[in-house]
Amino acid sequence: MDPVAVLRAARAVRDELDSLMGGASAELRDRLDPLLAEAGSRPPGQLADAIVMLIAQYGPAWNRLSALLNLEHGLAAAQAVPVPTDTGPQDLGGAGYGSGYHDPPPTGAMSLDWMRPDQAPPSETPRAPSPQAPPAPPAGSRGSSMLGRLTGAFRRRRGDSPAPAPESEWEGIPLIEAPTESVSGWGTEVSIGVAPGRGQDGGAAPREAVELDIQLVAEGFDAPGGWQVRLRVDAASPYPRATVSLVALAQQEPEVARQIQAICSVRGQVVGFGLRSITLHGSPGRLGREEPPEPVAGTRIRPALVGEPADVTVAIVHGDEPGRLWWTYRSPHFVTPDRAELCDLGMRASEFGRQLTGQGRLSEELGRKVGSRVPRGFWELLNAVAGRVAPRRPSVLILSQEPHVPWELAVLEHPYDPSLPRYLNCQAVTGRWPLGGRRPELPPPVSARADHVAVVYDEAQAHPLVTEYGATQVSSALGDVLGVLGQGPDVVHLTAGGSAAEALGRDLAGAPFVFLEEPGDAQAFLLAGASGVVEPLWPVGGGLAREFYRRCLSGEPPAEVLRSMRAQAPDSAGAYRFHGHPSLTLRRTPPPAE
């Protein structure tokens with residue numbers, strides 16, 4: 001990949017962001033501009049890799065960048081992302097922006113009348129097999145950039161890594177069939193469902209029947225018949241579909257790009273996500289430029305991997321203005337509303353998050369600021385679930401397109417356990433996971449190996465992880481880090497933010513399980529394939545890791561270990577945020593009997 005061509009295409013995308021992503025373009029512009037400003041002062045290949053990895057997180061911008069590179073240099077889209085192909089599919093989709101609704105729901109729309117799942121009305125949606133999904137473009141060769149070298153080292157895992165599904169194993173991708181353009185006031189028929197996944201010929205069938213719920217989030221539309229359908233996936237109908245009627249709402253702009261997003265879940269657990277673009281015109285006279293639809297971006301649907309869901313799962317997607325977010329909910333205990341609920345931060349999510357974490361300390365004032373922005377429906381559902389699962393603590397999984405706001409620090413007005421701090425991540429077992437692109441996949445893993453631990457530590461004496469768990473200790477020199485990564489560690493523990501930690505945290509940063517003792521880019525680790533990440537939101541003193549590993553390697557879930565440690569020492573442990581499934585456990589092979 002020619003770095004000069006990438007920089008030229010990235011500048012063109014930057015100039016078109018407003019038309020590509022509307023009001024949500026500010027988030028990407030704020031992250032892209034500093035990188036473009038480094039041209040001439042940073043190695044071109046490294047800078048191009050960083051730019052591509054950033055834009056690949058944003059669906060509309062990524063589609064435009066790949067189109068420009070295809071047009072100018074004949075590159076397949078998969079060639080542009082500098083991620084090796086030895087494991088998993090290519091990361092072509094981004095963290096789809098432009099989600100939510102054109103107007104807030106009517107007053108009282110989210111007054112939740114919770115129902116148990118067995119009280120849900122039966123689905124009467126007709127189903128028919130879907131046509132085969134278009135094949136993925138072939139992957140091309142990649143240069144030996146530092147990003148590629150780091151990625152390759154992280155992705156050489158042992159035989160327990162999940163291999164690509166064989167043709168006989170059923171999996172799917174979200175199906176969203178819609179016209180590429182429509183007009184305000186017109187109705188649009190959208191087919192949603194499941195299409196054959198990678199390597200599938202459409203003849204495979206799931207081993208067990210699955211009830212798949214698909215909820216739509218579509219900017220600038222209304223759905224008179226509802227936003228959600230339930231489809232039965234079984235041997236008779238392995239790739240079902242249904243039709244949803246959307247009505248384009250009035251708009252001020254003569255032309256605006258919108259997106260239709262689909263959140264797929266099974267028994268209260270989100271198992272897939274898809275996104276497709278559509279152009280809305282203010283009048284029919286602007287029609288006529290319809291182009292072939294682009295492939296649906298998003299994650300695979302793999303019900304075979306569905307385990308125990310979190311008690312509450314919230315999916316947070318961007319609205320059409322900076323700082324507007326829309327929340328949808330899932331729970332195995334209750335039937336949840338099919339319409340999203342508005343959260344308006346009043347400023348960009350990145351700015352709101354910086355104002356909170358920039359204080360460098362935890363306080364109830366911070367928690368109240370966060371809690372005041374959490375939609376009422378979330379609290380109503382969480383309260384209902386807490387009563388259902390008591391005396392056990394409820395678990396909460398936050399799937400979010402925005403990585404900045406520490407929702408876990410929201411203060412509960414009525415805590416379930418008055419003896420504990422009132423923060424959500426002290427009262428409940430919480431985890432967080434990115435939403436939007438092909439990586440990381442859904443649902444988050446619930447198990448990860450921890451036999452081989454690598455600790456990046458510059459002190460002369462042995463780190464406690466070396467003496468107590470046989471960890472491999474290396475300095476933060478890049479060569480030393482690459483050497484140990486070639487051995488495929490299960491856990492990477494970074495004690496400081498030196499040159500290696502900085503490179504791993506920003507440019508690639510991927511490992512099976514990662515612990516950061518200083519603030520870093522947790523989302524980059526997850527996009528590279530990490531099963532979980534622990535990171536502090538601001539600098540704090542050490543001393544947490546030893547107790548954390550003692551308990552986690554004894555079988556306790558990291559999310560619960562961190563929750564109890566926060567409750568005991570909120571001023572220090574309260575800074576640590578967990579990215580992963582609330583039920584994730586680290587398993588360690590017992591030593592052979594003597």
Side-chain angles (χ1 to χ4, degrees), residues 17 21-35 37 54 57-58 95 97 99-100 104 314 316-327 341-376 378-379 396 398-413 421-427 430-436 497 505-506 516-524 533-541 562 566 570-579:
L17 280 179
M21 298 168 56
S25 63
E27 186 88 16
L28 175 55
R29 182 179 289 107
D30 284 350
R31 300 177 68 186
L32 181 58
D33 281 346
L35 287 176
L54 170 63
Q57 301 176 42
Y58 299 80
Y97 275 61
S99 310
V314 53
I316 305 173
V317 296
H318 286 275
D320 60 352
E321 297 290 340
R324 283 167 60 93
L325 304 171
W326 293 89
W327 291 42
E341 190 174 15
L342 176 65
C343 162
D344 195 340
L345 299 177
M347 64 187 73
R348 296 173 185 170
S350 56
E351 180 182 353
F352 186 73
R354 282 194 297 267
Q355 287 186 5
L356 296 171
T357 59
Q359 300 177 17
R361 63 182 181 86
L362 184 61
S363 66
E364 286 218 354
E365 179 184 4
L366 183 157
R368 285 193 293 270
K369 288 181 179 179
V370 177
S372 67
R373 308 299 177 139
V374 175
R376 182 184 63 187
F378 172 80
W379 296 124
V396 177
I398 302 169
L399 305 175
S400 180
Q401 287 183 351
E402 68 78 26
H404 307 287
V405 182
W407 301 110
E408 304 89 339
L409 299 181
V411 163
L412 277 67
E413 184 177 350
R422 298 196 298 161
Y423 306 106
L424 174 62
N425 62 5
C426 291
Q427 297 283 324
T430 61
R432 190 181 185 116
W433 198 252
L435 178 69
R506 184 182 65 241
L516 304 175
E517 288 196 10
E518 292 187 358
D521 189 351
Q523 181 144 323
V533 178
V534 175
E535 63 153 349
L537 290 167
W538 50 80
V540 292
L562 287 172
R566 294 187 200 103
D571 291 340
S572 56
Y576 283 89
R577 179 162 65 171
F578 174 66
H579 300 257

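Worth knowing before you read on, the calculation uses all heavy atoms, side chains too, and leaves out hydrogens, waters and symmetry mates. Just so you know, these numbers come straight off a predicted model, no measurement behind them.
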Does any non-hydrogen side-chain atom of [Y] lie less than 4.5 Å from one of [X]?
X	Y	answer
Arg376	Glu341	yes
Leu28	Leu54	yes
Ile316	Phe378	no
Gln355	Lys369	no
Trp379	Glu413	no
Val411	Val370	no
Arg368	Arg422	yes

Can Arg432 and Glu402 be counted as an ion pair, charged N to O under 4.0 angstrom?
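Looking at Glu402 together with Arg432, the answer is yes, because their closest N to O distance falls below 4.0 Å.
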How many angstroms lie between [atom1] in [X] and [atom2] in [Y], if you round to the nearest 0.5 Å?
X	Y	atom1	atom2	result
His318	Ser400	NE2	OG	6.5 Å
Glu518	Trp538	CD	CH2	15.5 Å
Leu362	Thr357	CG	OG1	12.0 Å
Thr430	His579	OG1	NE2	10.0 Å
Ile398	Trp407	CD1	CH2	9.0 Å
Glu351	Leu356	CD	CG	10.5 Å

For [X] versus [Y], what's the shortest heavy-atom pair and its separation?
X	Y	result
Phe578	Leu562	CB-CD1, 3.7 Å
Arg577	Val405	NH1-O, 3.7 Å
Gly367	Tyr423	CA-CE2, 4.3 Å
Pro519	Pro539	CG-N, 3.7 Å

Check whether any side-chain N or O of [X] sits under 3.5 Å from a backbone N or O of [Y] as a donor-acceptor pair, and report yes or no.
X	Y	result
Arg373	Asp344	yes
Gln401	Pro434	no
Arg566	Tyr576	yes

Leu537 and Leu409: side chain to side chain contact (heavy atoms under 4.5 Å, CB included), yes or no, with the steps?
CA-CA 11 Å; Leu537 290 167; Leu409 299 181; 3.9 Å; yes
